[in-house]
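Step one of this worksheet: look at the structure below.
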Number of protein chains: 2
Amino acid sequence: MNDNTSNRVKSIETTIAIIEALQPKEGARVTEIATELDIAPSTVHRHLSTLHDHNFVKKSGDQYALGMRFLSIGGYLQHKKFEYRMAKTKIEDLAMETSERVQFVIEENGRRIYVHTAVGENAVETDSHIGKQGPLHCSAAGKAILANLPEPEREEILTGGGLEQITPQTITDPDMLRKELTEIRNTQIAFNKEESTPGLHAVGTAVTGKNDELIGGISVSGPAHRMMGDRFTKEIPKLLLGVANELELNIKYNQ
Amino acid sequence: MNDNTSNRVKSIETTIAIIEALQPKEGARVTEIATELDIAPSTVHRHLSTLHDHNFVKKSGDQYALGMRFLSIGGYLQHKKFEYRMAKTKIEDLAMETSERVQFVIEENGRRIYVHTAVGENAVETDSHIGKQGPLHCSAAGKAILANLPEPEREEILTGGGLEQITPQTITDPDMLRKELTEIRNTQIAFNKEESTPGLHAVGTAVTGKNDELIGGISVSGPAHRMMGDRFTKEIPKLLLGVANELELNIKYNQ
DNA sequence: AAGGATATTCCGTAATAGGGAATGTTTTAT
DNA sequence: ATAAAACATTCCCTATTACGGAATATCCTT
């Protein structure tokens, strides 16, 4: 397609660099960012002022920080799609039923992104948050998505970028993963046994929409000691498939 | 301060215009955006490619749409602050207790922004979503925040921009509002009677942090016919103040 | 297979983004 | 209280680059 990287707007890349530098900070001064990125303070100031005008950056005194415009746009995208709104209520039900953490995940650019999360009574605290992203091949919902992706895209992910090793249990061999994905296509259930986080197990399934196009995936995750035996391999998968099915029916006929 | 509007990066303003044009659309082609904004297709293409490189825009075929990078950054900001994470669990409890819709709101740039929302069993469906923003003076949590803002900032909002009339009930007279805000400072409870949405009532209170600095506000909202009598004026305020108090204690001592 | 529409790339030029210096402003040290 | 240091902000010149128009490629329609 177009990956001709020469035809780009440099000043936007500068602005993005500034945004990225600002993100982890509570607040930063002009010089701090200028030094960090090795650009002139006057330049940083000009960019920050521009971003501030549009609420992408907030300012108190001479401390600059990212503003909530990002959440405004992100939240709007999360809310705009009927499918995502439906998914939200469904995973909340499932979190209540299972008492565990439940997430609704989509694929973008070959990676998984949490669009909604719901926590049940016993849900584990994780550092996962809305919008957080990671590779597909090491999570339950991610593998379920991967299994249902069109073959060329799937193969691109399997062979193209290399399957990053996240934990000792992460499956990094394309052949082993291919085999598992075939199994997932048959059962529509994917398991994650400490492949993304040590001590964490998860069960996932894919969600499809009107013309059977892939929407995303749902996963239920919890500590390995609780996610085991029949509860892990039978009960939760059954609840999960039930919810995914209801969701799919809602998507197909409710609007 | 610096509101010298001459010293800005024009190409970033172009990019922001493109982002804004893209936001409400499901997807758009290059020409569509170029026509709408009256700039050259080659320029639009260059901007979109740059944004796409950084996942602010996604592309399928020649349809461009906003990407989840906005949610990634927004979700990160929402999750980073300990106070906001605490608020999330607290409003979920309150939503369960009251069965209504509960929101955690902050102020930025003189406007309110929903940072977390929780829905109870009977919660009304609204178009409000995470990140949505609006004026402070017409909502319960907004008025609670306004009442607790430092005087100069409050006066700037009251007299500076003009109090927009959102519904027939919105209070737009600065003097009437000042009187109500004094009352709110005494009781720490704010009411909203169809001032932002016809048919919707809400109760709100402010949340303060370690050095009594203002963090945000919490509101409980529901249909007017259910939010009335003692439930509206006594029971819900009591529950709300209880939760706000717990939250403040958590913020002050738990970390 | 041809024609139309649109995406994408190329390229010259006018506009502007960038840096350094000048000017405020605030904080720190004495 | 004053001086000095540190930094934000503004100003201005110049090298860079963002822009638009033209050329080319690609896709779609008939």
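In what follows, chains carry the letters A, B, and so on, assigned in the order in which the sequence lines appear, proteins first and then strands, with residues in each chain numbered from 1. Predicted model only: the values in this text are computed from it and were never measured.
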_Where protein sits on nucleotides 18-25 of chain D, one letter per nucleotide: B base, S sugar-phosphate only, - none, heavy atoms under 4.0 Å_ = SBBB----

*Only pairs at least two apart or in different chains count here, so list each side chain to side chain donor-acceptor pair (under 3.5 Å) that has a residue in residues 145-163 of chain B.*
Asn148(B)-Gln188(B), Glu155(B)-Arg178(B)

*Contacts of Tyr114(B) that satisfy ring-ring contact (aromatic ring centres under 6.0 Å, His included) - sequence neighbours left out*: none

*Rounded to the Å, how far apart are Leu48(A) CG and dG18(C) P?*
12 Å

*Atom NE2 of His45(B) and atom C1' of dC11(C): how far apart are they, to the nearest Å?*
16 Å

*Residue list, salt bridge (Lys or Arg N to Asp or Glu O under 4.0 Å) with Glu246(B), at least two apart or on another chain*: Lys90(B)

*Atom CD of Gln63(B) and atom C1' of dC28(D): how far apart are they, to the nearest Å?*
14 Å

*Excluding sequence neighbours, so at least two apart, what forms side-chain hydrogen bond (donor to acceptor under 3.5 Å, both in side chains) with Thr50(A)?*
none

*In whole angstrom, give the distance that lies between atom NZ of Lys59(A) and atom C1' of dC7(D).*
12 Å

*asked:* Going by ring-ring contact (aromatic ring centres under 6.0 Å, His included), name the residues that satisfy it together with His79(A), two or more places apart in sequence or in a different chain.
replied: His129(B)

_Residue pairs passing the salt bridge (Lys or Arg N to Asp or Glu O under 4.0 Å) test where at least one lies in residues 134-143 of chain A, sequence neighbours excluded_ = Lys143(A)-Glu180(A), Lys143(A)-Glu195(A)

*Under the salt bridge (Lys or Arg N to Asp or Glu O under 4.0 Å) rule, collect the residues that match up with Arg46(B), sequence neighbours excluded.*
none

*Round to a whole Å and report the spacing from CD of Glu13(B) to P of dA15(C).*
18 Å

*asked:* Lys80(A): which residues meet the salt bridge (Lys or Arg N to Asp or Glu O under 4.0 Å) condition with it, sequence neighbours left out?
replied: none

*Contacts of type salt bridge (Lys or Arg N to Asp or Glu O under 4.0 Å), residue Asp38(A), not counting sequence neighbours*: none

*Proximity to DNA chain D (any heavy atom under 4.0 Å), residues of residues 17-25 of chain B only*: none

*Test side chain to side chain contact (heavy atoms under 4.5 Å, CB included) applied to Phe56(A) and Thr15(A), step by step*: CA-CA 11 Å; Phe56(A) 286 103; Thr15(A) 270; over 6 Å; no

*Using a 4.0 Å cut-off on protein heavy atoms (strictly under), produce a 5'-to-3' string for nucleotides 22-29 of chain C with B for base contact, S for backbone-only sugar-phosphate contact, and - for none.*
--------

*Should Tyr64(A) be listed as having a side-chain N or O under 4.0 Å from OP1 or OP2 of dT9(D)?*
yes

*Gap between atom CG of Leu247(B) and atom CD1 of Ile91(B) - 0.5 Å precision*: 10.0 Å

